[in-house]
Amino acid sequence: YEKVRDFSTDFTLLYNTFNLHFHSDALVRLSNLPKIERKEEVLFLAGTFRNNYFHFLIEILSKTEFIDRIPEFEKLTIVVDASAQKNANFNTLLSFFIKNKNIEYLEENHFYSFNKIWHITNPHTIVPNIEEGEKYQADFTVFSKESIDYVKSTCLQNYDIQQVKVKPI
């Protein structure tokens, strides 16, 4: 554990998702969605801003480096937000990092409950957003060089130049 920075009330950190509309220190407003209960163990690969390439690579896919540290990880279903399946580039990137594993894509219009959920902590510390008008500071973010190297080498090992399509727009 590495403490990056003490955040004071001088900074307003913003976070919301489809299901989380608002939060403060003591209150949260959530969507009331149908619940799907499942009995299996899963590995949940998720992060903030899942539709952003930077966050998908650096916050979500970088976690795959540590999958083999989970006991009997071969038996786990890997659950990922459905947006990865809907984006051909994200789906391709996911295939670079998750080979021969059972992947299931979760839609955002349900709450899911599993028997056991494994979650891998992000190897980087990234503050996603601060309130408009506030100054972002470099020490809000810490990157792991080893993790960045893992992401880079995995992408380059799986890159297929034949799949690149260049078309005028």
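Numbers for residues simply follow the sequence, beginning at 1. No hydrogens, no waters, no symmetry mates; every other heavy atom, side chains included, goes into these values.
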- Item | Verify same cluster id: Phe54, Leu45 (apolar side-chain graph, 4.5 Å) | yes
- Query: NE2 of His124 to OG of Ser147: how many Å apart, nearest 0.5 Å?
  - Reply: 3.0 Å
- Query: Would Leu93 and Cys155 satisfy side chain to side chain contact (heavy atoms under 4.5 Å, CB included), going step by step from the backbone distance to the final call?
  - Reply: CA-CA 7 Å; Leu93 285 168; Cys155 287; 4.0 Å; yes
- Task: First locate atom CZ of Phe44, then atom OH of Tyr112, and finally report the distance between them rounded to the nearest 0.5 Å.
- Result: 10.5 Å
- Item | Ser144-Tyr150 side chain donor-acceptor pair, cut-off 3.5 Å | no
- Answer yes if Leu106 and Val80 sit in the same cluster of Ile, Leu, Val, Met, Phe, Trp and Tyr residues linked by side chain heavy atoms under 4.5 Å apart, and no otherwise. no
- Message: I'd like to check Glu41 versus Phe114 (side-chain heavy atoms, cut-off strictly below 4.5 Å). Are they in contact?
- Response: no
- Message: Apply side chain to side chain donor-acceptor pair (under 3.5 Å) to residues Lys99 and Asn158 and explain how you reach the verdict.
- Response: CA-CA 11 Å; Lys99 295 185 182 304; Asn158 290 279; 2.6 Å; yes
- Query: So, for Tyr53 and Phe90, is the gap between ring centers shorter than 6.0 Å?
  - Reply: yes
- Value rounded to 0.5 Å, distance of CD1 in Ile60 from CG in Asn52: 9.5 Å
- Task: Determine, stepwise, if the pair Asn115 / Glu40 fulfils side chain to side chain contact (heavy atoms under 4.5 Å, CB included).
- Result: CA-CA 5 Å; Asn115 189 39; Glu40 70 264 39; 6.0 Å; no
- Query: Who passes ring-ring contact (aromatic ring centres under 6.0 Å, His included) against His119, sequence neighbours left out?
  - Reply: none
- Message: Among Ile103, Thr64, Asn89, exactly one meets side chain to side chain contact (heavy atoms under 4.5 Å, CB included) together with Leu94. Which residue is that?
- Response: Ile103
- Nearest 0.5 Å please: distance from the CD1 atom of Ile78 over to the CG atom of Leu76. 7.5 Å
- About how many Å separate NZ of Lys116 and CD1 of Ile70, when rounded to the nearest 0.5 Å? 10.5 Å
- Item | Counterpart residues, ring-ring contact (aromatic ring centres under 6.0 Å, His included), relative to Phe96 (two or more places apart) | none
- Closest non-hydrogen contact found for Pro71 with Trp118 is CD-CH2, 3.6 Å
- Message: Same cluster or not: Val79 versus Phe97, using hydrophobic residues (I, L, V, M, F, W, Y) connected whenever any side-chain heavy atoms lie under 4.5 Å apart?
- Response: no
- Query: Checking side chain to side chain contact (heavy atoms under 4.5 Å, CB included) for the pair Phe111/Ile36: CA distance, chi angles, key distance, verdict?
  - Reply: CA-CA 6 Å; Phe111 285 127; Ile36 297 175; over 6 Å; no
- Query: Would you find more than 12 non-hydrogen atoms of other residues, nucleotides or ligands less than 6.0 Å from Lys35 atom NZ?
  - Reply: no
- Message: For a 4.5 angstrom cut-off between non-hydrogen side-chain atoms, does Phe66 reach Pro123?
- Response: yes
- Message: Are Lys101 and Phe73 packed together at the side-chain level, in the sense that at least one heavy-atom pair is separated by less than 4.5 angstrom?
- Response: yes
- For the residue pair Phe56 and Leu61, establish whether any side-chain heavy-atom pair is separated by less than 4.5 Å. yes
- Give, for atom OG of Ser153 and atom CD1 of Ile148, the distance between the pair rounded to the nearest 0.5 Å. 11.0 Å
- Query: Any side-chain heavy-atom pair from Ile120 and Ile67 closer than 4.5 angstrom?
  - Reply: yes
- Query: Around atom CD of Glu72, are there more than 12 heavy atoms of other residues, nucleotides or ligands at under 6.0 Å?
  - Reply: no
